[in-house]
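The next block holds one structure in the form of structure tokens; read it before the comments.
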Amino acid sequence: MFEARLSSATTLKKVLDAIKDLLNEATFDCNDSGIQLQAMDNSHVSLVSLTLRADGFDKYRCDRNLSMGMNLGSMAKIMKCANNDDTVTMKAQDNADTVVFMFESQNQEKVSDYEMKLMNLDQEHLGIPETDYACIVRMPAMEFARICRDLSQFGESLVICCTKEGVKFSASGDVGSANIKLAQTTSVDKEEEAVIIEMQEPVTLTFACRYLNSFTKATPLTNQVQLSMSMDVPLVVEYRIQDIGHVRYYLAPKIED
Amino acid sequence: RKVQPSIKNYFNIL
């Protein structure tokens with residue numbers, strides 16, 4: 001028996017919005033420590049890794065490890081039927097071929113359930129090595145989304161250059177070029193507005209705007225985003241999900257042909 | 001010209 005309850009459907013709606021741009025379907029691996037999802041986008045360029053810890057749920061029970069392959073388009077149709085303040089419960093029997101989403105209104109007067117067919121997905125799992133990154137940037141998630149959106153207009157690639165002083169985002173193309181520099185915050189009044197840089201070595205890397213823009217669909221989950229970078233290894237874009245886990249995106253830097 | 005490598009080039013397939 002698997003059962004996971006969240007007191008507000010908003011979190012699950014936001015999680016789904018954060019991954020469905022990149023993934024059409026994905027396997028939710030459930031065990032007694034929580035729910036894990038790891039999947040590459042269709043073109044195998046980026047990797048999405050989602051962790052929802054058992055202790056972050058209002059109720060969580062998972063008697064046996066369970067892998068639930070879901071069509072995220074179908075899941076989105078179902079999640080659209082939940083109000084933000086509904087309680088949402090996901091339920092499945094052991095070895096089931098369906099999952100049930102149950103929504104309960106705050107006053108308990110409306111209860112809906114949606115049963116969705118599960119899929120057998122043959123997905124490759126990747127081992128992500130522990131890495132000490134040369135630069136780690138923490139910045140407002142909204143600001144990062146804005147920069148990716150703005151600079152995408154000027155080119156299909158975004159260059160991120162990180163030094164001790166700050167981080168510079170650049171794009172160039174037919175129109176011309178664009179640069180946005182963010183200085184490291186000197187006095188932190190509001191932590192969620194701060195730009196913090198932990199640098200071992202400066203790095204300059206080039207990334208595809210298209211994927212960065214997809215990653216920023218996770219922006220509503222949190223105030224701050226963390227970018228971890230080293231030369232010649234994938235960028236990690238991490239959004240923490242308050243009290244329950246995180247979604248991380250991995251994207252390989254573009255390289256000279 | 002820069003090209004986009006697959007993420008599979010960086011992580012081992014388990």
Side-chain angles (χ1 to χ4, degrees), chain A residues 22-23 27 29 36 38-49 67 122-131 133 155-160 170-173 204-212 214-215 228-237 248-257, chain B:
Chain A
L22 287 163
L23 309 175
T27 301
D29 292 312
Q36 282 271 354
Q38 194 210 79
M40 283 180 278
D41 68 274
N42 283 339
S43 49
H44 294 177
V45 166
S46 65
L47 181 74
V48 181
S49 173
S67 288
D122 193 18
Q123 285 183 331
E124 286 172 317
H125 258 252
L126 301 181
I128 302 164
E130 283 285 318
T131 308
Y133 289 95
E156 55 185 39
S157 297
L158 184 83
V159 179
I160 305 179
S170 314
S172 60
T204 300
L205 292 164
T206 304
F207 300 102
C209 289
R210 186 180 142 213
Y211 291 93
L212 296 175
S214 290
F215 303 165
S228 304
M229 291 169 285
S230 281
M231 289 309 285
D232 306 320
V233 302
L235 158 80
V236 190
V237 181
R248 291 185 185 136
Y249 303 94
Y250 297 84
L251 177 64
K254 286 189 166 186
I255 51 174
E256 271 324 314
D257 196 2
Chain B
R1 185 182 158 75
K2 284 184 185 288
V3 294
Q4 177 66 61
S6 164
I7 195 78
K8 288 209 267 185
N9 298 359
Y10 295 86
F11 299 144
N12 291 328
I13 295 167
L14 298 179

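Proteins come first, then strands; the chains are lettered A, B, ... in the order of their sequence lines, and each starts at number 1.
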query = Is there side-chain contact between A:L126 and B:L14, with at least one heavy-atom pair below 4.5 Å?
reply = no
message = With a 4.5 Å cut-off on side-chain heavy atoms, are A:L235 and A:L205 touching?
response = no
Using only distance, no hydrogens or angles, which N or O donor-acceptor pairs sit under 3.5 Å between chain B and chain A?
| residue | atom | partner | partner atom | Å |
| --- | --- | --- | --- | --- |
| B:R1 | N | A:E256 | OE1 | 3.4 |
| B:R1 | O | A:D257 | N | 2.9 |
| B:K2 | NZ | A:E256 | OE2 | 3.4 |
| B:V3 | N | A:I255 | O | 2.7 |
| B:V3 | O | A:I255 | N | 2.9 |
| B:Q4 | NE2 | A:A252 | O | 3.0 |
| B:S6 | OG | A:H44 | O | 2.7 |
| B:I7 | N | A:H44 | O | 3.0 |
| B:K8 | NZ | A:H44 | ND1 | 3.4 |
| B:K8 | NZ | A:E124 | OE1 | 2.9 |
| B:N12 | O | A:G127 | N | 2.8 |
| B:L14 | N | A:H125 | O | 2.7 |

task = Please report the C-alpha distance between A:L212 and A:L251 in whole Å, then the side-chain angles of each, then the deciding distance to 0.1 Å, and finally whether the side-chain contact (heavy atoms from CB on, under 4.5 Å) criterion is met.
result = CA-CA 8 Å; A:L212 296 175; A:L251 177 64; 4.0 Å; yes
query = So which heavy atom on B:F11 is nearest to which on A:G127, and how close?
reply = CB-O, 3.4 Å
key: Close side-chain approach of A:I128 to A:L47, heavy-atom, < 4.5 Å   = yes
inquiry  = Could you go through A:I255 and B:V3, starting from their C-alpha distance and side-chain angles, then the distance that decides it, and tell me whether this counts as side-chain contact (heavy atoms from CB on, under 4.5 Å)?
reply    = CA-CA 5 Å; A:I255 51 174; B:V3 294; 4.1 Å; yes
